[in-house]
Every structure is written in C-alpha cells, then in structure tokens.
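Below: the structure, in structure tokens.
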Amino acid sequence: MDINRKNKIKIKGELRARRLAAMRSKLLPYTDLDLCLDLSEISEFDTSSLQFLLSIQKELESKGNKLVVVSPSESVERIVRFYNKDFLLGPYIASANEGINHGS
C-alpha cells in the first residue's frame, strides 16, 4: 500500500476476504479525509472486496468525506459494474494521477 500527500492510496495485489481486515486497519486512520484509492494493480477482487469498499465509503461519508476509486483494474471494474455500483468509480476513472484536489 503506497500513500501520497494527496491521500491517494495505491493498493496492489489481491483484495480478497483474508486481506480485508488488515487493509481496513491501514485505511481507518485516513477516514477523516477524502480518500482516493488507486486500484490499478489489484489482481483479484470479489464481492467481499466490493462490500469492503462500500463500508469504507460509508465510513467516510459519515464523517463528511468522500471516496474516489481511480484506475480500477479489469477485475475491479467487472465486479463494480456487475453490481451496478458504478458510482464508486466516479468521474475520476480516467484521471488516475490526479488524486483528490483539496483546493490549494
């Protein structure tokens, strides 16, 4: 997991059930800010992964923040679109290097 100063976090490899609890612990410190997840290097993604993203989104929204997923890998995009959760991908799908603009 790589984190840059714009709260853009790149997650690599599998994002499946056995890894989700550890990933949640790593992401929770960042839920007080808008969060941009780069999922371009996710090799395996399933319904538990989607539920994980939705729970992170809910956590962020409860604090007035937002989650943006950029550059989803093919496996991420396939599951997200299959379950009609395209809103997770947002308008930032084509701008992976942008991160979240905090206005300064």
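Start at 1 with the first residue, then count along the sequence. Keep in mind the model is a prediction, meaning the values are calculated, not measured.
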Rounded distance [0.5 Å steps], CD1 in Ile56 versus CE in Met23: 10.0 Å

Co-membership, hydrophobic cluster, residues Phe45 and Leu54, 4.5 Å side-chain: yes

Derivation of the side-chain contact (heavy atoms from CB on, under 4.5 Å) call for Leu89 and Arg81: CA-CA 9 Å; Leu89 304 177; Arg81 293 204 188 279; 3.6 Å; yes

Backbone of Ile9 reached by a side-chain donor or acceptor of Asp38 within 3.5 Å: no

Minimum heavy-atom distance between Asp34 and Lys66, given as atom pair plus value: OD1-N, 2.9 Å

side-chain contact (heavy atoms from CB on, under 4.5 Å) between Leu50 and Leu88, worked out: CA-CA 10 Å; Leu50 179 60; Leu88 284 171; 3.6 Å; yes

Ser73 side chain reached by Ile42 side chain, heavy atoms, under 4.5 Å: yes

Any Leu39 side-chain heavy atom under 4.5 Å of Ile11 side chain: yes

CD-CD1 distance between Glu74 and Ile79, expressed to the nearest 0.5 angstrom: 11.0 Å

Check: Leu67 and Glu59 side chains under 4.5 Å, non-hydrogen atoms: no

Gap between atom CG of Asn65 and atom CD of Gln57 - 0.5 Å precision: 12.0 Å

Reported OG-to-CG distance for the pair Ser48 and Leu15, which is rounded to 0.5 angstrom: 7.5 Å

Side-chain donor or acceptor of Arg24 paired with backbone N/O of Phe52 under 3.5 Å: no

Approximate separation, where rounding is to 0.5 Å, of Lys63 NZ and Leu33 CG: 9.5 Å

Glu41: partners by salt bridge (charged side-chain N to carboxylate O under 4.0 Å, His left out), with sequence neighbours left out: Lys10

Beyond-backbone contact of Pro72 with Val80, side-chain heavy atoms, under 4.5 angstrom: no

Atom pair CG/OG of Leu37 and Ser71 - distance to nearest 0.5 Å: 11.5 Å

Thr31 (side chain) donor-acceptor with Leu27 (main chain) under 3.5 angstrom: no

ILVMFWY network linking Val69 to Tyr83, side-chain heavy atoms under 4.5 angstrom: yes

Steps toward salt bridge (Lys or Arg N to Asp or Glu O under 4.0 Å) verdict (Glu44, Arg16): CA-CA 7 Å; Glu44 295 187 42; Arg16 299 184 76 172; 2.5 Å; yes

